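First comes the structure, then the notes that go with it.
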Amino acid sequence: MVHRFILNEVSYFGPGARKELPEVIKRLGKSKALIVTDAGLVKFGVAKMVTDVLDEAAIPYEIFSDVKPNPTVTNVKNGIEAYKKSGADFIIAIGGGSSIDTAKAVGIVINNPEFSDIVSLEGCAPTKNKSVPIVALPTTAGTAAETTINYVIIDEVNQKKMVCVDPNDIPAVAIVDAELMYSLPASLTAATGMDALTHAIEGYITKGAWALSDMFEIEAIRMISRNLPTAVAEPSNAVARDAMAVAQYVAGMAFSNVGLGLVHGMAHPLGSLFDIPHGVANALLLPTIMEWNMPACLDKYPAIAEAMGVDISDMTREEAAQAACDAVKALSIKVGIPQHLSEIGIKESDIDTLSEQAIADVCTPGNPHDVAIEDIKALYAKVL
C-alpha cells in the first residue's frame with residue numbers, strides 16, 4: 001500500500017516566533033499582505049501583536065476581519081474581493097481555524113478562479129494551481145489549520161459544512177507562536193484543546209492510519225493530556241501554552257494526511273445547523289463515540305490510555321481500552337466541557353436532520369467501525 005504525507009515546507013515554533021515574519025516575507029519574495037483575521041482578534045489586540053512586527057519592518061498590509069466563527073461562502077467571497085482590491089501578493093492568516101480556513105479558500109480561488117462559486121471546492125476539488133502563498137499564525141491550540149490540507153466552509157444555502165481537501169491549500173509557512181494564545185479564555189482553551197485531542201485520537205484510529213501517522217498522534221495525545229488542564233487553569237503559563245501549541249500542530253501533521261472519523265462527521269452538522277463551536281461539539285461527542293468504536297480498536301486504545309498517564313500493566317486489553325475512554329471523559333469534565341447536547345440547545349427533534357448530514361460527511365467513512373445512519377441516531381440520542 002502506498003501512503004502520501006504532505007507537510008509545510010517551513011514552520012517556526014516558540015514564543016515570539018512571529019518576529020521571523022520579515023525574513024519569511026523576504027524569502028517568499030512578496031511585498032504586500034492581506035491579513036485575514038476576525039474582529040475579536042483585532043479588538044483585543046492579538047492581531048496587533050503581528051501587525052506591529054510588519055510596521056517595524058515597513059511591510060505594507062491591509063486587514064480583512066469579516067470572518068465568522070464558522071466561516072461561510074459569503075465570508076470567502078468577501079475575502080476574495082478584499083484581496084483583489086488590496087493589491088496584495090500574499091496572505092497572512094491570524095486566528096484559529098476560522099480565519100485560516102477562510103484564507104485557504106480565498107488563496108485557492110484567487111489562483112483557481114474556475115472555483116469562484118466556492119461550493120465546487122467541497123471534497124477533493126481538482127484545482128490545478130497552488131494557493132496564493134499563505135503565512136499562517138494560529139491563535140488557538142486546536143485546529144492545526146496552519147499545517148493541514150483541509151479547510152471547512154459553511155454552505156449557507158444548503159446549511160451544511162463543506163469539508164475541502166486540497167494539497168494546494170497548505171500554507172507556505174506556519175508560525176506557531178504561543179504568545180498569541182495567552183489571552184484565549186479558559187472555555188475556548190478547553191474547547192480547542194479537546195478539538196486537538198479529537199484530531200489525535202481519530203487520526204490514530206482512522207482506517208488510513210499507519211506507522212508514521214501513529215507516531216505523531218500518540219505524542220500529541222501525551223502532550224495534550226499533560227498540558228491542557230494547566231493551560232486552562234493558568235492562561236499565561238508559558239510552558240503549558242507552548243506545549244499545547246506544538247501538540248495541536250503535531251496532531252495536525254498526521255490527521256491531515258490520514259483522515260478523521262465519526263466524531264468529526266457528527267460534529268460538523270452541529271456547527272452548520274446550530275452554530276455550535278467545533279471544539280465543543282467534538283469534545284462532547286468524543287468519549288461516547290470512542291466507546292462505540294471500541295470493538296474495532298482494542299489493539300490501539302491501550303496505547304491511548306498509556307499516553308494519557310494510565311497504568312495499564314495489570315489490565316486486560318479490554319480493561320485498558322475502557323480506561324482510554326474513561327481518561328478522555330475525565331479530561332473533558334476536568335476542563336469544563338458540556339457533557340450533553342441538551343446543554344447546548346439541541347433537541348430530540350433535531351436528531352434526524354443531524355444524522356442525515358453526518359452520514360454524508362466526508363470524515364465519516366474514515367471511522368474504524370463501519371456506521372449506518374441508525375447508529376448515528378442512537379449515538380446522538382445517547383449524548384442528548
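Predicted model, so just to flag it, every value in this text is computed and none were measured.
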Under 3.5 Å, side-chain donor or acceptor atoms of residues 264-279 against the rest of the protein: list the pairs with distances, not counting sequence neighbours.
residue: His264; atom: ND1; partner: Glu202; partner atom: OE1; Å: 2.7
residue: His264; atom: NE2; partner: His199; partner atom: NE2; Å: 3.1
residue: His264; atom: NE2; partner: His278; partner atom: NE2; Å: 3.4
residue: His264; atom: NE2; partner: Asn282; partner atom: ND2; Å: 3.2
residue: His268; atom: ND1; partner: His264; partner atom: O; Å: 3.2
residue: His268; atom: ND1; partner: Asp361; partner atom: OD1; Å: 2.9
residue: His268; atom: ND1; partner: Asp361; partner atom: OD2; Å: 3.3
residue: Ser272; atom: OG; partner: His268; partner atom: O; Å: 3.4
residue: Ser272; atom: OG; partner: Pro269; partner atom: O; Å: 3.4
residue: Ser272; atom: OG; partner: Gln357; partner atom: OE1; Å: 3.2
residue: Asp275; atom: OD1; partner: Asn70; partner atom: ND2; Å: 2.7
residue: His278; atom: NE2; partner: Asn282; partner atom: ND2; Å: 2.9

If you define the side chain from C-beta out and look only at heavy atoms, does anything of Ile153 sit under 4.5 Å from Val163? no
Tell me yes or no: between the side chains of Asp166 and Tyr151, is some donor less than 3.5 Å from an acceptor? no
Ala247 and Ile224: which non-hydrogen atoms are nearest, and at how many Å? CB-CG1, 3.7 Å
Testing the basics here: between Asn111 and Ser131, what is the closest heavy-atom pair and its distance to 0.1 Å? ND2-C, 3.4 Å
Rounded to the nearest 0.5 angstrom, the OG1-CG distance for Thr102 and Asn75 is 5.5 Å
Are the side chains of Pro287 and Cys325 in touch, meaning some heavy atoms are under 4.5 Å apart? no
Decide if atom CD of Glu114 counts as having more than 12 heavy atoms of other residues, nucleotides or ligands within a radius under 6.0 Å. yes
Is there a donor-acceptor pair under 3.5 Å between the side chain of Asp242 and the backbone N or O of Ala238? no
Would a distance-only check, ignoring hydrogens and angles, find a side-chain to backbone donor-acceptor pair under 3.5 Å from Gln248 to Ala144? yes
I want to check something: taking the side chain as every heavy atom from C-beta on, are Glu9 and Val173 in contact at a cut-off of under 4.5 Å? no
Pair Gln339, Ser332: side-chain N/O donor-acceptor within cut-off below 3.5 Å: yes
Return the minimal non-hydrogen interatomic distance between Glu306 and Ile312, and the atom names on each side. CG-CD1, 3.4 Å
Measure the CD1-CG distance between Ile59 and Leu21 for me, rounded to the nearest 0.5 Å. 7.0 Å
Give, for atom OG of Ser342 and atom CG of Asp350, the distance between the pair rounded to the nearest 0.5 Å. 11.5 Å
Regarding Asn158 and Asp155, is there a side-chain donor-to-acceptor distance under 3.5 Å anywhere? yes
Solution key, residues 36-43 side-chain donor-acceptor pairs under 3.5 Å, sequence neighbours excluded:
residue: Thr37; atom: OG1; partner: Ile94; partner atom: O; Å: 2.9
residue: Asp38; atom: OD1; partner: Gly40; partner atom: N; Å: 2.9
residue: Asp38; atom: OD1; partner: Leu41; partner atom: N; Å: 2.9

Given side chain to side chain donor-acceptor pair (under 3.5 Å), test Tyr12 with Asp177 step by step and report yes or no. CA-CA 8 Å; Tyr12 296 85; Asp177 182 346; over 6 Å; no
Side chain to side chain donor-acceptor pair (under 3.5 Å) for Tyr249 and Asn8? Distances and angles first, verdict last. CA-CA 11 Å; Tyr249 182 97; Asn8 305 84; 3.1 Å; yes
From Ile118 atom CD1 to Thr74 atom OG1, the distance as rounded to the nearest 0.5 Å: 9.5 Å
Determine, stepwise, if the pair Leu197 / Leu228 fulfils side-chain contact (heavy atoms from CB on, under 4.5 Å). CA-CA 10 Å; Leu197 182 66; Leu228 180 57; over 6 Å; no
Is any NZ, NE, NH1 or NH2 atom of the basic residue among Glu234 and Arg241 found under 4.0 Å from an Asp or Glu carboxylate oxygen of the other? no
Under a 4.5 Å cut-off applied to non-hydrogen side-chain atoms, are Ile149 and Arg4 in contact? yes
Sub-6.0 Å ring centroid separation between Tyr204 and Phe216: no
Count the heavy atoms belonging to other residues, nucleotides or ligands that lie under 6.0 Å from NZ of Lys377, then report whether that count exceeds 12. yes
Could you walk me through whether Glu217 and Ile201 satisfy the side-chain contact (heavy atoms from CB on, under 4.5 Å) test, starting with their C-alpha distance in whole Å, then the side-chain angles of each, then the deciding distance to 0.1 Å, before giving a yes or no? CA-CA 7 Å; Glu217 302 297 28; Ile201 290 174; over 6 Å; no
For side-chain contact (heavy atoms from CB on, under 4.5 Å), just list the numbers for Ile134 and Glu146, CA-CA rounded to whole Å, side-chain angles, deciding distance to a tenth of an Å, and then say yes or no. CA-CA 9 Å; Ile134 298 170; Glu146 72 276 10; over 6 Å; no
Looking only at atom types and distance, does a side-chain atom of Lys104 sit under 3.5 Å from a main-chain N or O of Asn150, one as donor and one as acceptor? yes
Can you name the closest pair of heavy atoms from Ala145 and Gly97 and give their distance? CB-CA, 4.1 Å
Donor on one side chain, acceptor on other, Thr127 and Asn168, under 3.5 Å: yes
With the threshold set at 4.0 Å, does a side-chain nitrogen-carboxylate oxygen contact exist between Lys30 and Asp89? no
Can you confirm whether Asp117 is buried at CG, in the sense that more than 12 heavy atoms of other residues, nucleotides or ligands lie under 6.0 Å from that atom? yes
What class does the angle between the rings of Trp292 and His369 fall in, given that below 30° is parallel, 30 to 60° is tilted and above 60° is perpendicular? parallel
Answer with yes or no whether the side chains of Asn78 and Tyr83 bring together a donor and an acceptor at under 3.5 Å. no
Are the side chains of Pro235 and Met181 in contact, using a 4.5 Å heavy-atom criterion? no
What distance do Leu188 atom CG and Thr140 atom OG1 have between them, rounded to the nearest 0.5 Å? 6.5 Å
Are the side chains of Ile344 and Ile346 in contact, using a 4.5 Å heavy-atom criterion? yes
I'd like a table of donor-acceptor pairs (distance under 3.5 Å, sequence neighbours excluded) in which one partner is a side-chain atom from residues 205-214, with atom names and distances.
residue: Thr206; atom: OG1; partner: Leu260; partner atom: O; Å: 2.9
residue: Thr206; atom: OG1; partner: Gly366; partner atom: O; Å: 2.9
residue: Lys207; atom: NZ; partner: Pro365; partner atom: O; Å: 3.4
residue: Lys207; atom: NZ; partner: Asp370; partner atom: OD1; Å: 2.7
residue: Ser213; atom: OG; partner: Trp210; partner atom: N; Å: 2.9
residue: Ser213; atom: OG; partner: Trp210; partner atom: O; Å: 2.9
residue: Asp214; atom: OD1; partner: Lys300; partner atom: NZ; Å: 3.0
residue: Asp214; atom: OD2; partner: Lys300; partner atom: NZ; Å: 3.1

Can you tell me how far the CD1 atom of Ile91 sits from the OG atom of Ser86, to the nearest 0.5 Å? 8.5 Å
Does some side-chain heavy atom of Met308 sit less than 4.5 Å from a side-chain heavy atom of Ile221? yes
State, with a plain yes or no, whether a side-chain heavy atom of Met49 is found less than 4.5 Å away from one of Leu180. yes
Closest approach of Ala57 and Pro22, non-hydrogen atoms and distance? CB-CG, 3.7 Å
May I ask you to check whether over 12 heavy atoms, not counting those of Lys334, lie within 6.0 Å of atom NZ? no
Tell me the closest heavy-atom pair linking Val109 and Leu121, and the distance in Å. CG2-CD1, 3.8 Å
Side chains of Asn367 and Asn293, donor plus acceptor under 3.5 Å: yes
State whether the number of non-hydrogen atoms from other residues, nucleotides or ligands found under 6.0 Å of Glu56 atom CD is greater than 12. no
Test side-chain contact (heavy atoms from CB on, under 4.5 Å) applied to Asp326 and Glu291, step by step: CA-CA 9 Å; Asp326 295 342; Glu291 286 195 342; 4.3 Å; yes
